[in-house]
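In what follows, a structure is listed as structure tokens, so that the remarks can point back to it.
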Amino acid sequence: MRHTSFAAMQCPIARGLEHVGEWWSILILRDAFRGISRFDDFQTNLGIAPAMLTRRLTALIEAGFFTRERYSDRPARYEYRLTPRGRDFRPVL
């Protein structure tokens, strides 16, 4: 089945689905609202494969829902912080 784009729709919920319509994205956002911000914590809590988590977090960053901030240099580790746009998505959940 071909994916339908909702980007041009007037409805903000439909436009939001363009970025978070995949179920892992919704669960990642849910966990972020519960205070989770580190990759390992998302992975442990969700039981998601690392490659899938990386793809979903990258997509959410590109969509403006998260920023990625380094908290450790050795090894390089990052936190994923909700942006104002990401926080605005809370009522949808």
Side-chain angles (χ1 to χ4, degrees):
M1 180 177 0
R2 187 173 175 187
H3 173 74
T4 301
S5 175
F6 301 122
M9 290 186 154
Q10 294 297 317
C11 174
I13 294 171
R15 288 193 315 266
L17 283 173
E18 188 71 21
H19 303 293
V20 297
E22 200 273 334
W23 67 74
W24 285 119
S25 297
I26 296 288
L27 294 175
I28 291 166
L29 283 165
R30 177 204 62 192
D31 283 0
F33 286 121
R34 292 178 175 172
I36 293 176
S37 63
R38 295 184 177 181
F39 188 94
D40 292 341
D41 295 335
F42 282 118
Q43 185 181 7
T44 299
N45 197 54
L46 296 170
I48 186 173
M52 176 58 78
L53 180 56
T54 298
R55 285 193 299 272
R56 293 289 83 219
L57 285 169
T58 299
L60 288 165
I61 290 166
E62 290 172 358
F65 286 85
F66 283 100
T67 60
R68 183 176 172 217
E69 300 172 13
R70 186 182 289 230
Y71 71 87
S72 174
D73 289 326
R74 291 189 182 166
R77 301 269 189 212
Y78 299 89
E79 288 186 318
Y80 298 85
R81 298 286 181 187
L82 287 164
T83 63
R85 182 178 190 177
R87 288 188 298 275
D88 285 347
F89 198 75
R90 186 178 200 130
V92 176
L93 291 180

Quiz item: With side chains defined as the heavy atoms from C-beta onward, is the minimum distance between L46 and D31 less than 4.5 Å?
Solution: yes
Practice problem: Give, for atom CZ of R38 and atom OH of Y78, the distance between the pair rounded to the nearest 0.5 Å. | Solution: 13.5 Å
Quiz item: I48 versus F42: any side-chain heavy-atom pair under 4.5 Å?
Solution: no
Exercise. Identify, with sequence neighbours excluded, every residue that meets salt bridge (Lys or Arg N to Asp or Glu O under 4.0 Å) alongside R87.
Key: none
Quiz prompt | Results of salt bridge (Lys or Arg N to Asp or Glu O under 4.0 Å) for R68 - residues two or more places apart only | solution = none
Quiz item: With a 4.5 Å limit on heavy-atom distance, are the side chains of R70 and D73 in contact?
Solution: yes
Self-check item: Heavy-atom pair with the smallest gap, counting every atom of R56 and S25
Solution: NH1-OG, 2.9 Å
Self-check item: Heavy-atom closest contact (G64 atom, R85 atom, distance)
Solution: O-CB, 3.5 Å
Self-check item: Member of Y80, F33, F66 meeting the side chain to side chain contact (heavy atoms under 4.5 Å, CB included) criterion with I28
Solution: F66
Quiz item: Are the side chains of L29 and R90 in touch, meaning some heavy atoms are under 4.5 Å apart?
Solution: no
Quiz prompt | F65 vs F89, ring pair (Phe, Tyr, Trp, His ring centres under 6.0 Å): CA-CA, chis, key distance, verdict | solution = CA-CA 8 Å; F65 286 85; F89 198 75; 5.6 Å; yes
Quiz item: Is any side-chain heavy atom of R55 less than 4.5 Å from a side-chain heavy atom of T58?
Solution: no
Practice problem: Look up atom CD in E79 and atom OG in S37, then write down how far apart they are to the nearest 0.5 Å. | Solution: 4.0 Å
Practice problem: Determine whether the side chains of R81 and T67 contain a donor N or O and an acceptor N or O closer than 3.5 Å. | Solution: no
Quiz prompt | Approximate separation, where rounding is to 0.5 Å, of I36 CD1 and R30 CZ | solution = 8.0 Å
